[in-house]
Structures are given as C-alpha cells and as structure tokens.
Protein chains: 2
Amino acid sequence: MSDLTEEISSKSTRELILDEALHCFADRGYEGTSLNDIAAGVGIRRPSLLHHFPSKEALYTDVFEMLLSEWLEGLEVAMASPASGWDKAELVIRAGFDLFARTPDYVRIMRREALDSGVHVGVDLSGFLRPLFDNACAYFTAEMDAGHFRRHNAQHLIITGYGAILTYFSDAPFIDELFNDQALTPEHVRDHCDHVVAFFRAALVV
Amino acid sequence: MSDLTEEISSKSTRELILDEALHCFADRGYEGTSLNDIAAGVGIRRPSLLHHFPSKEALYTDVFEMLLSEWLEGLEVAMASPASGWDKAELVIRAGFDLFARTPDYVRIMRREALDSGVHVGVDLSGFLRPLFDNACAYFTAEMDAGHFRRHNAQHLIITGYGAILTYFSDAPFIDELFNDQALTPEHVRDHCDHVVAFFRAALVV
DNA sequence: TGCCCTACCTACCAGTAGGTAGCCAGTTAG
DNA sequence: CTAACTGGCTACCTACTGGTAGGTAGGGCA
C-alpha cells in the first residue's frame, strides 16, 4: 500500500511535468520554452524537474512519444475498421478530427516538428508514420482502381487531406482572428469536420 | 555617383542581413535564431548587424513586412483579375502556388507566426489578411448563390484551401521523408498544384 | 589639413539558459 | 533505531543571449 502510494505520488509529479511540458512546447515551441517555465507551471524548481527527467531533450522526447503513441493508436483503430468505400474514408476523417480536437496541443507540436525537420526529437518520425501513409495510399489506390473514387494521385491526395485537417487545429489562434470567433469550440469543430467530410466526398465519390 | 555607390553598398549589406534573417527565422524560428547566427551568415559581427537594425524584433518585423507585402501584392493581382467562375478560382490557386514555390521560406515564417499567435510581430496580421479573406468569402458565396459552385460554408472552405496549399510548402522537409523524394522540385510542385486544382474543381464545380 | 560620417570592430554588460553538487526533511526497510 | 532512499531545495557553474560602449579605418568634403 505504501509502495503504491509512493508510486502514485511519484508518477503524479512526473505526469504533471509531462502535461505542463506538453502545453508549453505546443504554445511556444522547443526553443521558446525554458525548463523554468515548465517547473514554475508545476510548482517546483528547475533542479527538481531535472530529478525526474535527465535533460530538456529527454523530456521533449517523452512528450513527443506520448503524442506519437496516441496518434498511432487512434488512427490505426479507425484504419483497421472493416468498413470500405467512402464510409471508411469518412470514418477515418472523423476519427482524426476527434483525436485532434481532444489534443490540439499535440497537433501544434507535430506542426512545429515538421517545420523544424525533427531536429529536437530522437525518434524516426517518418519511420513511425510511413506505415500509416503507405496504408492510406494503398487504400485510396484500390478504391480508385475499383472505380469507387475519382482518380487522384494518392500521395498528394493524402497530403492535401492532412493539411486541410491539421491546419484548422494548428492555426486555431490565427483562425480565431479571421473568424472573429473561437475556432475550437465543439460547435465550430463539428462544423469544420462536416465541411471537410462533405468537401472530400464531393471531390472523391464518383 | 559616389553618393550612389555608398547608397548601394549600404543597401547591399542591409539586404544581405534581411536575406540571411529570412532564411534563419524560417529554418529555426524566432527564438531558435540568434543574432550571432545571422551575423555569421552575413560575415559580420553582431554589433555591426545592430548598426543596421535597432533590435532583433525590429529586424524580424522588417522581414515579416517583406513577406506580407509580397503576399498581398501577388494575391491581390490574381484576385483582381476579371475572370469569373471556376477560371478565377483556378487562377488564384495557381498564383498562390507560384508565389509560395518562389518563397517557401515566407510560408514557413507565416506558419510559425500562426502557431505563435503573432507574438513576435508588431503588425496587425488579421487586419492585413482580413480584406483578402472577406473578399474570397464574398466571391465563393456569390458563385454558390449563382449555382456555379456546390454549396459549402465559405469560411471553412477557404481555411481548407489555405491549409491544403500551405502545408505542402511549410511541411516540405517532412513530406520529403514520406515521399522519399524532394517535395519542392519544380516537377513535384507542379504535380501538387495540378492535383489541388483538380481536387478543388471536382469538389466545387457542379 | 582637419572634420564628419559610415561601417565595422573588440570588449563588456546584465540576464538567462541548461545542468550539477550537495544539503535536508520525510518515509520506508531492516 | 538506524540506514537508505525519495524528492524536493539552494547555490553554483559554464555558455550564450540581446544589447551597449568605445574605438578605428577610411571615404567625402570644405
């Protein structure tokens, strides 16, 4: 019992640090975030933070691996669905929206990582995402070959969809200003999701 | 004449600094770029750089204003064209691709600025872009009302297009890895442009 | 010749970054 | 009861940041 309590309290501080780090890195980027910022957000001093993580880079890598595992899990479940044709595409798009709306901070970190060419993270990003990408390519190609979808270049099609969906979350503060409203309210996210689904359906389904 | 020579040499150093700063800020962001980096790229010392620009922030703002004026000029010309219907939409999309392919560093800076909510730049970003945004909204709404385009939410439609086009340039290093090829070669840019045009045409044109 | 100006330099400032050493209170284990 | 471990702390380090002070080489000009 005491063992468990200690474990919980230890894990709790660690998780508090991870949560705060996630938020700071998403908000101000790797270079723009100091360990002091994160420690202050948790309510401890920097050396105490470094007691839980050996370095800033290690902390960032841990945050990023949380992101990757969450994305892989969420998207693989959707892509493994037995649905087919447009139903499956819509299912994956909506799963992506759910996932990203739940964790917009992850989206912003991923965007920053893409901009920085992954210099801060030790993991092989493309190695992680390539299977998903190839899987999606194969799916669209098969559906186009079967005549269910209009013919498009599958690779470029996926990049287009990726950009269309992620941008709404990564650039939310910017969109707030253009819309003169909060982009990330559940209503607006649903509206945008419905729009993207309708848009892609119109573009794809014969 | 000697006056002119002096002017030219002065302007030249200033422009070298602006060019190097543009590249560094696009590559590593505002926080990730030091004035030493920029000065070293130009081949002078930091204090000499600060002789031409009063502060890092002022330098960044100058770079960003170059970006804004180039974008406004390029896009306003396209949007002012007398074309109508799909022809005009395609013209604007292709003008955007030309513009962004010519200056991918600008795209990455704009993306970073959207992520950072514009904290580094003193200009009113949404104030600058709102007229373009409203103009595009009005255009699409009119075309949809006239029955030339399928009905979509104009605001979300523009965000979708914005994300689809910009992502290809801002995330180019990332796409390189997924494609196992250089995304920004003229051939690939043209391919992606053709794809986006065909995709949007299929989604929009009745 | 003497003066001002531009563009650069070295040397330095205060502040902050990430990271380390070592102390200390509280808990746990033997 | 004591020893060990935990997780926090203060104090310190080095490296580097943006920015300033002061000096200098050299061109234009009266």
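Proteins come first, then strands; the chains are lettered A, B, ... in the order of their sequence lines, and each starts at number 1. Given the structure is predicted, the values throughout are model-derived calculations rather than measurements.
- We find that OH of B:Tyr60 is positioned 15 Å from P of D:dG18, with the value rounded to whole Å.
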Please enumerate all protein N or O atoms sitting under 3.5 Å from an N or O of nucleotides 19-21 of chain D, with distances to 0.1 Å.
| residue | atom | partner | partner atom | Å |
| --- | --- | --- | --- | --- |
| D:dG19 | OP2 | B:Lys56 | N | 2.8 |
| D:dG19 | N7 | B:Arg46 | NE | 3.1 |
| D:dG19 | N7 | B:Arg46 | NH2 | 3.4 |
| D:dG19 | O6 | B:Arg46 | NH2 | 2.1 |

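- A donor-acceptor pair under 3.5 Å links the side-chain atoms of A:Arg150 to the main chain of A:Ala202, judged by distance alone.
- The aromatic rings of A:His152 and B:His195 sit perpendicular to each other, their planes meeting at more than 60°, with 30° as the lower class boundary.
- The side chain of A:Ser48 places an N or O atom within less than 4.0 Å of a non-bridging phosphate oxygen (OP1 or OP2) of D:dC9.
- Put simply, CZ on A:Arg45 is 17 Å from C1' on C:dG19, counting in whole angstrom units.
- For A:Thr13 and D:dT6, the shortest distance from a side-chain N or O to OP1 or OP2 is not below 4.0 Å.
- Using a 4.0 Å heavy-atom criterion, one finds that A:Ser34 contacts the sugar-phosphate atoms exclusively.
- OP1 or OP2 of C:dA17 sits under 4.0 Å from a side-chain N or O of A:Asn36.
- Between A:Arg14 atom CZ and D:dT6 atom P there is a gap of 14 Å when expressed in whole angstrom units.
- A salt bridge does not link B:Arg46 with B:Asp37: every distance from a Lys NZ or Arg NE/NH1/NH2 to an Asp or Glu carboxylate oxygen is 4.0 Å or more.
- One finds no side-chain N or O of A:His51 lying less than 4.0 angstrom from the OP1 or OP2 phosphate oxygen of D:dC9.
- Atom CD1 in A:Ile17 sits about 10 Å away from atom C1' in D:dG7, given to the nearest Å.
- One interatomic measurement links the two molecules: CD1 of B:Ile38 to C1' of D:dT17, which rounds to 13 Å at whole-angstrom precision.
- When every heavy atom of B:Ala154 is checked against every heavy atom of B:Met144, the shortest pair comes out as CB-CE, 4.1 Å.
- Between the NE2 atom of A:His52 and the C1' atom of D:dC9 there is a distance of 12 Å, rounded to whole Å.
- Note: A:His188 and B:His156 have perpendicular aromatic rings, judged against thresholds of 30 and 60 degrees for the angle between ring planes.
- In this view, A:Asp87 satisfies the side chain to side chain donor-acceptor pair (under 3.5 Å) rule with no residue, not counting sequence neighbours.
- Put simply, CD on A:Glu31 is 12 Å from C1' on C:dG18, counting in whole angstrom units.
- At whole-Å resolution of the value, CZ in A:Arg28 and C1' in C:dT16 are 15 Å apart.
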Side-chain donor-acceptor pairs under 3.5 Å in residues 20-33 of chain B, sequence neighbours left out?
| residue | atom | partner | partner atom | Å |
| --- | --- | --- | --- | --- |
| B:Asp27 | OD1 | B:Arg108 | NH1 | 3.1 |
| B:Glu31 | OE2 | B:His120 | NE2 | 3.2 |
| B:Thr33 | OG1 | B:Cys24 | O | 3.1 |
| B:Thr33 | OG1 | B:Gly29 | O | 2.7 |

